[in-house]
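Reviewing the structure listed below.
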Amino acid sequence: MKKQPIALLDCNNFFVSCERLFRPDLLGKPVLVLSSNDGCVVARSQEVKDIGITMGVPYFQIKDIIKQHDVQIFSGHLALYRDVSRRVFEVLHDCVDVVEQYSVDEAFFVIPPDTDVEVFITTVKQRVEQAVGIPVSIGVGLSKTQAKCAGALAKKTNGLHVLTEQSWPDVAASLPISSVWGVGRGLSAKFTGHGIKSVSDLLAAPTYQIGVLFGVVGKRLQAELSGTSCDPVAQKRMLQKSLMSTRSFATSTESKDVLYDAAAYHARHIAADLRLMGAAVAALQVSIRASRHGDFCLRGGTREVVFTVPTNDTFTLTNAAESAIDALYEAGVPYQKVGVSVVEITAQSAVPHTLFATEMTDNTPLLKAMDAINLAAGSELITIGSRLKTKSWQARSDRRSPAYTTRWSDIATVSA
DNA sequence: TCTGGGGTCCTAGGACCC
DNA sequence: TCTGGGGTCCTAGGACCC
């Protein structure tokens, strides 16, 4: 059977492109987007990359250079980006059958059989860019890993790159092993230590030796790079395996009430997400941490609460989260972060009826109504489990753009 | 003074069993 | 004084990704 090429569609400088969508005056100007709490750089326009500002660098370290080059700054606005992302992939789904969304700004898809690859991806790129207005790149190879390599090359040219059997050996020789998808700092150092510096070096190494030294991860990388796909494009999106909500505080705190409040905030957001997914969970984990950069960096911990029956009930989850805080809290520690996560997510339809729940109240109608109101408001109008009147612990987002697409009051006005 | 948030997968090691 | 070997399952932690 002939191998069907795999493509990767990647939105260019995605968060920056989203901001520019509603601020076309910023096209061609240096723009960057900051993480929550305006902590560090998470997206850069090409102009910002050219200045030499690197990914993930703390904001306070680059304030001078930002001023010097008149860089435009935005606080990360995930709701906006998610909405734009949804539109991008809607168009992609219109173009192809087999699509696997990989992240908020990337998706793999299978090139349909008997298609001219170049023509096909050119059309896809044009359709997305015309319909949504976000510039995208597309790379094509025989595996996801090859497609990622092609995608990187695409960004350096006109946004399209197709690897062929003829071009691949030269490309492989020019690609450092550290640039490969799945090769991070640790693996890269280990590869280099064994004399494997480029993709060709890895392809030339005996497979059994790679297996011994690098385990299944190494063998899979080698196969994928040689054009044998080990990870097919998944047509159906399965239920995700875990879900978490975490946030650093604007400033650290020793207040237990703040921890309660933050834990409840995360728990009810997870509960709402679960209901949206039609899913339930059997356990919830809460973790609290002090600052990573200080005397208390090792303080904190994780606590799990198990439910007798899988649930997505906001009251149950917030109560569990607060009881976990009770167990974890130590007076006198300046806490910086609270996170709540759930694993083993199951479809709600698969939740068994229990023999043990004696008088379980069914809050479903109430919670459904609450979800609908909050969704329509575009913010948390109704909350459960809050103890504090203010959200003083919440992160700073001083330079956040309006919710152009998800909040009625923020819709852009057009004058003609 | 100020360093993100949300995921997946793999591995090693312990508990437990026969 | 002697004290197996092999298997499974679970968990915590690490590496990696966007």
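Lettering follows sequence order; numbering is per chain, from 1.
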A:S229 side chain reached by A:E224 side chain, heavy atoms, under 4.5 Å
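Result yes, sub-4.5 Å side-chain heavy-atom pair found.
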
To the nearest Å, how far apart are [X] [atom1] and [N] [atom2]?
X      : N      : atom1 : atom2 : value
A:I270 : B:dG6  : CD1   : P     : 8 Å
A:K144 : C:dC17 : NZ    : C1'   : 13 Å
A:I62  : B:dT1  : CD1   : P     : 18 Å
A:H266 : B:dG4  : NE2   : C1'   : 12 Å
A:R303 : C:dA12 : CZ    : C1'   : 16 Å
A:R289 : C:dG13 : CZ    : C1'   : 11 Å
A:R400 : B:dG5  : CZ    : P     : 13 Å
A:E106 : C:dC18 : CD    : C1'   : 7 Å

Would you jot down, in residue-number order, the residues of residues 212-229 of chain A having a non-hydrogen atom under 4.0 Å from DNA chain B?
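Within this stretch, A:V216, A:V217, A:R220 sit under 4.0 Å of the strand.
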
Applying the side chain to side chain contact (heavy atoms under 4.5 Å, CB included) test to A:R87, which of A:I134, A:V132, A:L92, A:V128 qualifies?
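The single option meeting the side chain to side chain contact (heavy atoms under 4.5 Å, CB included) with A:R87 is A:V132.
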
Parallel, tilted or perpendicular: which one describes the rings of [X] and [Y], with boundaries at 30° and 60°?
X      : Y      : answer
A:F109 : A:F120 : tilted
A:W181 : A:F108 : tilted
A:W393 : A:F249 : perpendicular

Side chain of [X] (C-beta onward), nearest among [options]:
X      : options              : value
A:S242 : C:dC16, B:dG7, B:dG4 : B:dG7
A:F60  : C:dC16, B:dC2, B:dT8 : B:dC2
A:V42  : B:dG4, B:dG6, C:dC18 : B:dG4

Taking OP1 and OP2 of [N], is either one under 4.0 Å from a side-chain nitrogen or oxygen of [X]?
X      : N      : result
A:K148 : C:dC17 : no
A:K241 : B:dC9  : yes
A:S103 : B:dG7  : no
A:S36  : B:dG5  : yes
A:T246 : B:dG6  : yes
A:S248 : B:dG5  : yes

So what does [X] touch, heavy atoms closer than 4.0 Å: a base, only the sugar-phosphate, or nothing?
X      : answer
A:V104 : nothing
A:L243 : sugar-phosphate
A:K337 : sugar-phosphate

Do the side chains of A:R20 and A:E47 get close enough for a salt bridge, i.e. N-O under 4.0 angstrom?
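Yes.
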
N-O pairing of A:R86 and A:D83 below 4.0 Å
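Result for this pair is yes, salt bridge flagged.
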
Atom NZ of A:K256: over 12 foreign heavy atoms under 6.0 Å:
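Correct, the count exceeds 12.
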
A:Q336 vs A:S245, nearer the 5' end of DNA chain B by closest nucleotide
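On the 5' side of the pair lies A:Q336.
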
